[in-house]
Amino acid sequence: MIKTLEEHLKGIDNELAGLILKISELANIISSELPYRRGKADTKNVFGEVQLVIDKWADQFLIDEFKKSNLVKAVVSEEQPDIVKLNKDGIFNVTLDPLDGSSNIESNNLVGTIIGIYKKDLPCQGKHQIAAMYILYGPVTTLVYAAENGVHEFLYTSKGFVLREENIRIPEPGKLYGIGGLRKDWLPPFRKYIEGLEEDGYKLRYGGAFVGDFNQILHYGGIFAYPALATKPGGKLRLFAEANPMSFIAEKMGGASTNGSMSILEIKPESISQRVPIYIGNKGLVEKLEKTLI
Ligand code: F6P
Ligand code: MN
């Protein structure tokens with residue numbers, strides 16, 4: 001029997017269900033704009049990255065819609081330098097990567113939207129998330145949400161989002177690894193660890209969008225990293241917009257995340273714009289890596 005996202009969400013808190021459903025509708029609109037809003041904008045984000053027209057549009061679109069919905073108190077977005085306060089009486093604080101992997105737009109590879117949901121005021125530790133989700137604009141648009149009831153995946157069809165798999169657990173043993181940054185810049189203990197994985201038969205798959213690279217770990221198991229690099233000791237990915245939501249999902253499905261010494265979800269933030277090295281996937285692989293890096 002087909003179960004829609006809306007039906008599935010009856011199992012969780014009403015207001016949270018309303019927010020997740022709203023985000024699923026907004027994501028479909030973002031997806032439908034991908035063929036039209038193309039090219040570069042004349043601006044850079046707070047991280048010094050050139051913004052695309054679609055990055056800026058998706059960011060403003062989500063913020064405007066959240067303002068209208070009254071559910072959202074404040075937003076932390078990869079595309080905004082400061083916390084954006086929306087509704088005094090809102091219930092949730094939301095983190096946004098409105099269009100993750102936007103450098104894949106030109107080549108028509110995977111992109112997506114990553115969301116973290118909190119009740120506590122931001123900035124706070126990622127462990128205070130009450131839910132996290134991503135929408136992957138792939139050959140099929142898929143949505144994964146994680147909340148107190150587990151991790152679940154939906155496919156977008158003519159009947160809307162329908163359940164593909166519920167209570168997802170990360171497959172053991174894993175099969176894949178995907179690592180960002182230049183291999184020559186990986187730190188020696190990390191390089192040695194990856195060589196060990198290669199000898200054990202793990203296969204490289206790297207697509208250049210965190211949302212897609214994480215999604216394959218969810219389905220096949222293994223490890224994804226955007227590690228500390230000799231040239232970028234702090235890594236590349238953003239703690240709030242990217243690392244925290246995916247770490248929440250990974251840990252909820254029995255996997256693990258680390259910055260090299262502690263779970264990403266335990267990091268006490270210093271700024272809403274901080275970056276973090278991230279290693280995420282099967283628990284055994286992440287724990288072994290942590291021991292290698294210490
Ligand atoms: O948002 C940053 C991002 O596009 C991630 O989606 C991805 O994991 C990473 O950057 C890719 O970086 P690189 O181009 O260095 O492989
Ligand atoms: Mn991103």
Side-chain angles (χ1 to χ4, degrees), residues 4-10 12-38 41 43 45-46 51-102 105 111-123 129-138 141-147 154 156-157 159-161 209 211 238 240-242 244-246 248-249 272-273:
T4 64
L5 175 63
E6 192 167 3
E7 285 159 355
H8 197 265
L9 288 168
K10 294 212 165 97
I12 68 169
D13 167 78
N14 229 349
E15 282 153 334
L16 179 59
L19 179 62
I20 292 175
L21 203 59
K22 179 83 197 162
I23 293 169
S24 75
E25 290 161 10
L26 301 176
N28 276 329
I29 298 174
I30 294 176
S31 166
S32 69
E33 291 290 326
L34 289 172
Y36 308 110
R37 297 185 187 267
R38 302 188 70 81
T43 49
N45 65 14
V46 62
Q51 292 174 300
L52 300 186
V53 170
I54 189 80
D55 283 324
K56 285 186 78 166
W57 174 81
D59 183 53
Q60 202 53 56
F61 171 66
L62 290 171
I63 289 173
D64 290 347
E65 292 296 321
F66 287 156
K67 183 149 180 67
K68 282 187 227 156
S69 91
N70 281 333
L71 281 170
V72 181
K73 212 181 338 175
V75 164
V76 164
S77 166
E78 181 174 313
E79 305 301 336
Q80 298 284 338
D82 301 306
I83 297 182
V84 183
K85 301 219 161 106
L86 294 179
N87 295 297
K88 214 162 53 345
D89 302 324
I91 302 163
F92 304 105
N93 292 303
V94 174
T95 66
L96 290 184
D97 184 347
L99 200 77
D100 177 62
S102 47
I105 289 278
V111 293
T113 298
I114 306 173
I115 307 271
I117 304 174
Y118 299 70
K119 278 199 171 161
K120 210 173 155 99
D121 283 343
L122 295 170
Q129 284 169 106
I130 55 164
M133 63 193 285
Y134 62 87
I135 300 94
L136 178 64
Y137 310 120
T141 295
T142 58
L143 179 152
V144 170
Y145 88 84
F154 300 80
Y156 189 63
T157 70
K159 297 188 166 54
F161 279 106
V211 67
R238 274 55 58 142
F240 280 102
E242 298 168 317
N244 272 338
M246 294 313 205
F248 181 85
I249 297 171
I272 58 159
S273 307

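Every heavy atom of this structure was used, including side-chain atoms; hydrogens, water molecules and symmetry mates were not.
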Gap between atom OG1 of T43 and atom NZ of K56 - 0.5 Å precision: 3.0 Å

Closest non-hydrogen atom pair between G112 and V211, with its separation: N-CG1, 3.5 Å

Nearest heavy-atom neighbours spanning T142 and F161: C-CE2, 4.2 Å

Set of side chain to side chain contact (heavy atoms under 4.5 Å, CB included) partners for D64, sequence neighbours left out: Q60

Minimal non-hydrogen separation, A132 against I249, with atom names: CB-CG1, 4.0 Å

Test log, rule side-chain contact (heavy atoms from CB on, under 4.5 Å), inputs V111 and I54: CA-CA 11 Å; V111 293; I54 189 80; over 6 Å; no

Pairs under 3.5 angstrom only: tabulate donor-acceptor contacts from the side chains of residues 16-29 to other protein residues two or more places apart or in another chain.
residue: S24; atom: OG; partner: L21; partner atom: O; Å: 2.6

Set of side-chain hydrogen bond (donor to acceptor under 3.5 Å, both in side chains) partners for Q129, sequence neighbours left out: none

Residue pairs fulfilling ring pair (Phe, Tyr, Trp, His ring centres under 6.0 Å) with at least one residue in residues 61-81, sequence neighbours excluded: W57-F61

Minimal non-hydrogen separation, I272 against I83, with atom names: CD1-N, 3.7 Å

Residues forming a side-chain hydrogen bond (donor to acceptor under 3.5 Å, both in side chains) with E6, sequence neighbours excluded: none

Point-to-point distance, once rounded to the nearest 0.5 Å, from OG of S273 to CG of D82: 7.5 Å

Which residues share a side chain to side chain contact (heavy atoms under 4.5 Å, CB included) with D121, sequence neighbours left out: K73, N93

Value rounded to 0.5 Å, distance of CD1 in I135 from CD1 in I115: 6.0 Å

V84: partners by side chain to side chain contact (heavy atoms under 4.5 Å, CB included), with sequence neighbours left out: I63, V75, Q80, L86

Test side-chain contact (heavy atoms from CB on, under 4.5 Å) applied to V144 and L136, step by step: CA-CA 8 Å; V144 170; L136 178 64; over 6 Å; no

For K159, all residues meeting side chain to side chain contact (heavy atoms under 4.5 Å, CB included), sequence neighbours excluded: I2, T157, V162

I91 side chain near K119 side chain, heavy-atom distance below 4.5 Å: yes

Any residue meeting side-chain hydrogen bond (donor to acceptor under 3.5 Å, both in side chains) with K120, in chain and number order, not counting sequence neighbours: none

Pairwise side-chain contact, N244 with Y118, heavy-atom cut-off 4.5 Å (strictly under): yes

Rounded distance (nearest 0.5 Å) linking atom NZ of K67 with atom CG of N87: 5.0 Å

Pairing residues for F92 by the ring-ring contact (aromatic ring centres under 6.0 Å, His included) criterion, not counting sequence neighbours: none

Nearest-0.5 Å distance that lies between atom CZ in R37 and atom CD1 in I30: 10.5 Å

Partners passing ring-ring contact (aromatic ring centres under 6.0 Å, His included) against Y137 (at least two apart in sequence or in another chain): none

S69: partners by side-chain hydrogen bond (donor to acceptor under 3.5 Å, both in side chains), with sequence neighbours left out: none

Minimal non-hydrogen separation, D97 against A241, with atom names: CB-O, 3.7 Å

Full working for side-chain contact (heavy atoms from CB on, under 4.5 Å) between D100 and Y134: CA-CA 10 Å; D100 177 62; Y134 62 87; over 6 Å; no

Gap between atom CZ of F240 and atom CD1 of I114 - 0.5 Å precision: 14.5 Å

NZ/NE/NH1/NH2 to OD/OE distance under 4.0 Å, E7 and K10: no

Minimum-distance pair of heavy atoms, taken over all atoms of L52 and S102: CD1-O, 3.3 Å

